[in-house]
Asker: 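My questions will all concern the structure given below.
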Amino acid sequence: MTQHEDAGPTPQGSPWRILLTVLGTLAVIGVEFVLLYGVYARATPVAQQRVVVAELAGTLDSAPRDLPALLDAAAARLAAAGADGDQVQVLRAAADGSVDEARADVAALSADLADHSSSLDTQAALAYTGMLVVASVGWMFWFRRLVSRHRRLQAEVTEQAALVASEGRLASLVRRSADVIVVLGTDGRVSYATDSAAGLFGVPVAELLGTAIHDRVRRADAEPLVALLDARPEGDAEVGFRLTRDDGRTVHVEGVFTNLLADPGVAGLVLTLRDVTARVELETQLTHQALHDPLTGLSNRRLLGDRLEHALRRRGSRDLTVVLCDLDDFKDVNDRLGHAAGDQLLLEVASRLRTVAREGDTVARLGGDEFALLLEDTGLAGAREVADRIHEWLAQPVVVEGETVSVSASIGLADVLAEGVTAEELLQHADVAMYLAKDGGKRATAVYEASLHSAALERLQLRADLERALGAGELVLHYQPTITLGLDDGLAPTVHGFEALVRWQHPERGLLAPVHFVPLAEESGLIVPLGTWVLQEACRSAVALQQPGRPDVAMSVNVAVAQLTAPGFVDLVHASLAESGLAPHLLVLEITETAVLAGADVVAPLLAQLRATGIRIAIDDFGTGYSSLSYLRDLPVDVLKVDKSFVDHVVRDEQGASLAEAIIAMGHSLHLTTVAEGVEDRDQATWLTSAGATYGQGYLWSRPVPLVQAAALLNGAERGVPAP
C-alpha cells in the first residue's frame, strides 16, 4: 500500500498556447503602431501644405511685386509637400490673374486644406476609437478566458489537494485501525502491515515484514491457510486461525482474505484480521459452565447424559456401568456448620472421587450431594471395586471449618441389562439402586435389580406425590393437647395448649403419619415449603381455638433446622403471626436437641431473634444428646420436652427415673417449663407430677385429633382418659 508523497503534478499551460498568446499580443501592438503611423503619414503632408498656403496668404497680404514668381514658388513647394495636381494647378493658374484673385484662390485652397485636415482628424479619431474598442473587447474576452482557466485550474488543484488529504486520512485510519491489515506476496511473505499488527503478532512491524505468515500460525491451522493463499480465490473469503506469539500466548484471529493481485495500488493478497481471543475464551467459558458444575468443576448432569448417550451408541458388546453416590446426612453438615462448610465438604468429596476414577471415566455432580461416575469397559464386578474404593476414600475424616467431619455415601450401581436402554433410564436405574442402599442402612452399595424396581419406583413416586400434595390441599393438621399436671380434679384434664402435627391425606394410601413422608421431605428439600404451610395453618388454628372467658391456649409447631436456617424464616414467622392475629407469646417453636447442638452457632442467634419478640422456644426430645446439658444455659430456650424414652422407664426403671428426675430438676433450676412426652398411663402421670414436671402430653389424655375435636377437648365435650 503506497502513500502520496506530494500534491500531484502542478497544472501548467500548453507551450503552443503560450506562444500563440505572445504572438497575438505582438500582432495587436504591431497593428496599433501601423495604424498610428498611417494616421501620422496622412496628416503630415496636409499640415505642411497648409503651412505653405498660410505663408503664401501672408505674403499676398503684403502686395508682392513679383506675383507670378511667388505663386510658382508656392506651387512648387506645395507640390513638394505632396499636394495633388489640382491644388498645384490652382496656384499656377492664379499667376495669370490679379493679386486679389490670387488671394481668393489661396483662401479657397486654404479652406479646402482645412476641410481635408479636419476630415483626416475625424478619421484618425474614428480609427483610434475603433482600435481602442477592438483592443478592449479582445482583452476583455482574453481576460475572461484567463479567469475561467485560472478557476478551473484552481478547482483541479483543490480537488487534487482534497483527494490527497482524504487518502492521507484513510491511510492514517488504516494504520491506526483496531483491525489488522496485512498484505502478502504470492509466497505468503508479509510486504505491508498496519501499525496494529505489532500488538496482534507480538513483534514490531519492521520485524514482521518479509517473514512468512504461516510460520507464525499454529501448525494445525497453517495448512488450510496455505491452501487458501495458493488457491487465491476471487472475491472475499473468511479466514480463522490461531497465532503463536513469541511470548507463548496463543491468539485467536478471524478475518477476510481478499485477492488484490490485479490492483496496481496493492498488488498483493490482503488479510484483514481482528483479535477474537476474548470472545473465544468467553464462549469456551460459557460452554464449560453449561456442561460443568460451577462449584466442583466436575461434569454436570447434561454432560454426563451426553457422554452416556454416546457410550451407549458405541458400546457394542462392551460393559458399561453407572455408579451413583449420594452423601449420607449431608444436610446435617449444612444445618450444623453452614452452607459454606457444606460447599467445602463437596469440594473435598469431588477431589476424592477424581482420585478413585480411572483415566477415561467421567465424574459428575448431578446436584446437591449427588455424584455419579460413568465407567466404560467395566462390568458390575469392576464397579463394585470402584464403589469399595469410594467408601474407603470417603471414610477418611475431613476437616471443615476447623471441625472433623466423617463422610459416608450410599452407592447405587446399574449396568446395561438389555439393548435399547436410554441414558435417562440407566441413570434412573442407578438412582433406584442408590435409594435401596440408603434404605439398607447407608454407607452401603446396592445393585439395581429389575425385581426391586417397583418398590424403589414407589418411593420415587411418593416423593413426586408429596410435591404435588403441597399444592393440592392434601395435607392436614391434627392437634395433641398438652395437659397441666397437678391441677386437674380427676374429672377432666386441664388443657394448656396443643401441638400441631402434620398428616397427609393421600388419595390412594389414606391418612399417612409423618414417619411415612417427613424423612422423604427432608431428603428432597420439600421440608421447607411443608414447614411453612404447617406454621401458617397452625397459627390460624390457634386463633380459632381461643375462647372467651378461658385462659389462652398455646400452639406448638415443630420446626426443622433446614426451615429455621432458610433465608427469611424470622420474617416468615412474624408475617404468619400478623396474618392470623395470634399473639407471639402463644406460639411455641419446637426444635430437636440434636439439631440445636449440630448448628448452635447458626441456630442460636436465630432463636434469640424470635424469642426477643415474645415467641417461646422449646427443645424437643431433650435428653437424647446428653452432651447438651453443658450448653443449655447458653441457649435461648423456654421449654424442655422430656423425651418419651425417659418417660417410659420412670415407673419401672430406677435409672430411667433418675435421669428423668434430673432433667426436670435442671429445668426448674434454669427456670424452664418442662413437658413430659409420651405419657401413656396414670402411674407415669403420677410420678411426673410428683417429680415436678409442669405439663404432660400423651395418649393418656388424647391422641392427635382434628381441629373440631381439639376444640371439643377445650369445652370438655371429650374427656379422654381420666386424670390420675
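Nothing fancy with the numbering, it's 1 onward along the sequence.
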Asker: So for atom CD, which belongs to Q396, do other residues, nucleotides or ligands contribute more than 12 heavy atoms lying within a distance under 6.0 Å?
Answerer: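 More than 12 within 6.0 Å, yes.
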Asker: Determine whether Y448 and L436 make a side-chain contact, defined as any pair of heavy atoms from C-beta on separated by less than 4.5 Å.
Answerer: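 No, their side chains stay 4.5 Å or more apart.
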Asker: Over all heavy atoms of both residues, which pair between T445 and A387 is shortest? Give the atoms and the distance, please.
Answerer: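 Minimum heavy-atom separation between T445 and A387: OG1-CB, 3.8 Å.
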Asker: Got R279 and L282 here, is their nearest side-chain heavy-atom distance under 4.5 Å?
Answerer: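 A side-chain contact under 4.5 Å is absent here.
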Asker: When you look at CD of E467, are more than 12 heavy atoms from neighbouring residues, nucleotides or ligands closer to it than 6.0 Å?
Answerer: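 Result for CD/E467: open.
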Asker: Let me confirm one number: the CG-CD distance from L374 to E376, rounded to the nearest 0.5 Å.
Answerer: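 If we round to the nearest 0.5 Å, L374:CG and E376:CD are 5.0 Å apart.
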Asker: Decide yes or no for L324 and L366: does some side-chain heavy atom of the first lie under 4.5 Å from some side-chain heavy atom of the second?
Answerer: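 A side-chain contact exists here, since the closest heavy-atom pair is under 4.5 Å.
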Asker: Does atom CD of E309 have more than 12 heavy-atom neighbours, drawn from other residues, nucleotides or ligands, at distances under 6.0 Å?
Answerer: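 Yes - once you tally the heavy atoms of other residues, nucleotides and ligands closer than 6.0 Å, there are more than 12.
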Asker: For L229 and G188, work out which heavy atoms get closest and say how close.
Answerer: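 Smallest heavy-atom distance, with atoms named: CD1-CA, 4.2 Å.
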Asker: Which atom names give the shortest non-hydrogen contact between L426 and V421, and what distance separates them?
Answerer: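 Reported closest heavy-atom pair: N-CG2, 4.1 Å.
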Asker: For residues F201 and R245, report the shortest heavy-atom separation together with the two atoms involved.
Answerer: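 Looks like O-CG, 3.7 Å.
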Asker: I need the S299 OG to L308 CG distance, nearest 0.5 Å.
Answerer: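 Result: 12.0 Å between the selected atoms.
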Asker: Does some side-chain heavy atom of F241 sit less than 4.5 Å from a side-chain heavy atom of R218?
Answerer: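 The answer is no, as the side chains (C-beta and beyond) never meet within the 4.5 Å cut-off.
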Asker: Rounded to the nearest 0.5 Å, what separates atom OG1 in T277 from atom CG in L200?
Answerer: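 The CG atom of L200 is 8.0 Å from OG1 of T277, to the nearest 0.5 Å.
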Asker: For residues D328 and S410, is any side-chain donor paired with an opposing acceptor at under 3.5 Å?
Answerer: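 Indeed, the side chains of D328 and S410 share at least one donor-acceptor pair under 3.5 Å.
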Asker: Can you find a pair of side-chain heavy atoms, one from V180 and one from V253, that are under 4.5 Å apart?
Answerer: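 No, side chains not in contact.
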Asker: Under a 3.5 Å cutoff, is there a donor and acceptor pairing between the side chains of D319 and T378?
Answerer: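 Absent: no donor and acceptor within the cut-off.
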Asker: Salt bridge or not for R249 and D247, using N-O below 4.0 Å?
Answerer: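 Result for this pair is no, no salt bridge flagged.
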Asker: Is it the case that atom CZ in R468 sees more than 12 heavy atoms from other parts of the structure closer than 6.0 Å?
Answerer: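 Yes, enclosed.
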Asker: Might you point out which heavy atoms bring I411 and C325 nearest each other, and give the distance in Å?
Answerer: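 Taking every non-hydrogen atom into account, CG1-SG, 3.8 Å.
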Asker: Which atom names give the shortest non-hydrogen contact between N334 and H339, and what distance separates them?
Answerer: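 N334 and H339 have their closest heavy atoms at OD1-CA, 3.5 Å.
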Asker: Rounded to the nearest 0.5 Å, how far apart are CG of L347 and CG of L298?
Answerer: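 Taking CG in L347 and CG in L298, the distance rounds to 9.0 Å.
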Asker: Strictly by modelled atom types, are H310 and R307 linked by a side-chain donor-acceptor pair under 3.5 Å?
Answerer: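 Absent: no donor and acceptor within the cut-off.
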Asker: Report, as yes or no, whether the 6.0 Å neighbourhood of atom CZ on R219 holds more than 12 heavy atoms from other residues, nucleotides or ligands.
Answerer: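 Check fails, neighbour count at 12 or below.
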Asker: Less than 4.5 Å apart, side chain to side chain, heavy atoms only: is that true for L346 and F330?
Answerer: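 Heavy-atom side-chain distance check passes, below 4.5 Å.
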Asker: Look up atom CG in L427 and atom CE in M434, then write down how far apart they are to the nearest 0.5 Å.
Answerer: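 The CE atom of M434 is 11.0 Å from CG of L427, to the nearest 0.5 Å.
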Asker: Please examine the side chains of T186 and R232, heavy atoms only from C-beta on, and report whether any two atoms are closer than 4.5 Å.
Answerer: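 Yes - at least one pair of side-chain heavy atoms lies under 4.5 Å apart.
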Asker: Are D179 and T272 linked by a side-chain donor-acceptor pair shorter than 3.5 Å?
Answerer: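 No, because no side-chain N or O of D179 sits under 3.5 Å from a partner of the opposite role on T272.
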Asker: Salt bridge or not for R358 and D361, using N-O below 4.0 Å?
Answerer: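 Counted as a salt bridge, because a side-chain N and a carboxylate O are separated by less than 4.0 Å.
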Asker: With a cut-off of 6.0 Å (strictly less than), are more than 12 heavy atoms of other residues, nucleotides or ligands near CD of E403?
Answerer: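 Atom CD in E403 is packed in, count exceeds 12.
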Asker: How far does OG1 of T422 sit from CD of Q428, to the nearest 0.5 angstrom?
Answerer: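 If we round to the nearest 0.5 Å, T422:OG1 and Q428:CD are 8.5 Å apart.
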Asker: With heavy-atom distances below 4.5 Å as the criterion, would you say the side chains of L243 and V217 are in contact?
Answerer: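 They are in contact (side-chain heavy atoms under 4.5 Å apart), so the answer is yes.
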